[in-house]
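Scroll down for the structure; my scribbles are underneath it.
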Amino acid sequence: CDWSSDVCSSDLVLTSADVEPFLGDAGGVPPWDLTDAIDRGDTTVALQLLHRMLRAGERHPLAVLAILHGHYAKLLALDGANARDEASAAAAMGIKPGFPARKALENFRRLGSPAVSRAIGLLAQADLDLKGAKEWPEELVAEVLVARLSRLGGSRR
């Protein structure tokens, strides 16, 4: 290529900033991105992340259900535990003190016992639905679950 010709002019050199808007976020996502969006009550983002997990991340809806179950099981462990700080929350959940324990305690305080119990019920129903209780496509079951859970997350705003 002759840099003095019109074909290879410096105007045609692309930087990552030039192409980044066209790349999008098509890959899979870490589980905490989904649970964080649900916890914020951001249904639109939660559904977008769910689709990325199912499609690009190639996760089965039952795998997503397991992620969500683990998330809410930790919150359920705090129900009735009278955890007042990070250390007592970690002990109730059977994890080490640190950011995850602090975050779970904050989420439990924000949601409250009735919402956490409702979330467990929604997870149980989705599990049955994915196993044939409803004749819905698996992706629809996951979408409905995520939308309902995110409404719980946003209900105390």
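In this text, all values refer to a predicted model and were calculated from it rather than measured experimentally. For the numbers below, each heavy atom of this structure counts, side chains included, while hydrogens, waters and symmetry mates do not.
The distance from the CG atom of L47 to the OG atom of S150 is 6.5 Å, given to the nearest 0.5 Å. Considering CG of L54 and NE2 of H60, their distance stands at 9.0 Å, rounded to 0.5 Å. Of the inter-residue distances, the one linking L65 atom CG with E138 atom CD reads 11.0 Å to the nearest 0.5 angstrom. Residue L78 holds its CG atom at 5.0 Å from CE of M93, rounded to the nearest 0.5 Å.
Closest non-hydrogen pair, V29 versus R59, comes out as O-NH1, 3.2 Å. In this structure, P61 and A142 approach most closely via the heavy-atom pair CB-CB, 4.4 Å. For the residue pair D129 and A133, the shortest heavy atom distance occurs at OD1-CB, 3.6 Å. Smallest separation of non-hydrogen atoms from R109 and R84: NH2-O, 2.8 Å.
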(request) Could you please spell out the steps behind the side-chain contact (heavy atoms from CB on, under 4.5 Å) verdict for T44 and Q48? (result) CA-CA 6 Å; T44 301; Q48 289 170 348; 3.9 Å; yes
(message) With side-chain contact (heavy atoms from CB on, under 4.5 Å) as the criterion, how do L62 and D127 come out once you've worked through the C-alpha distance, each side chain's angles and the decisive distance to 0.1 Å?
(response) CA-CA 7 Å; L62 284 171; D127 184 53; 3.9 Å; yes
(request) May I have the step-by-step check of side-chain contact (heavy atoms from CB on, under 4.5 Å) for L152 and Y72, ending in yes or no? (result) CA-CA 12 Å; L152 294 175; Y72 285 99; 5.6 Å; no
(request) Show your reasoning for whether side-chain contact (heavy atoms from CB on, under 4.5 Å) applies to D79 and V116. (result) CA-CA 8 Å; D79 195 10; V116 172; 5.7 Å; no
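In this structure, H69 places its NE2 atom where only 12 or fewer heavy-atom neighbours from other residues, nucleotides or ligands lie under 6.0 Å away.
Between L130 and W136 there is no side-chain heavy-atom pair separated by less than 4.5 Å. The side-chain heavy atoms of R118 and L122, taken from C-beta on, include a pair separated by under 4.5 Å. In this structure, the side chains of E58 and M53 stay at 4.5 Å or more apart for every pair of heavy atoms. Residues L145 and V141 have side chains not in contact (no heavy-atom distance under 4.5 Å, counting atoms from C-beta outward). Inter-residue side-chain proximity for L49 and I38 is flagged as unmet; no heavy-atom pair is nearer than 4.5 Å.
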Which donor-acceptor pairs under 3.5 Å do the side chains of residues 95-108 make with protein atoms, sequence neighbours left out?
unit_1, atom_1, unit_2, atom_2, d
R102, NH1, E86, OE1, 2.6
K103, NZ, D36, OD1, 2.3
K103, NZ, D36, OD2, 3.3
N107, OD1, R110, NH2, 3.2
N107, ND2, D39, OD2, 2.8

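Judged by distance alone, the side chain of H71 and the main-chain N or O of I67 form no donor-acceptor pair under 3.5 Å.
Hydrophobic clustering (ILVMFWY, side-chain heavy atoms < 4.5 Å, transitive): L140 and L123 are in one cluster.
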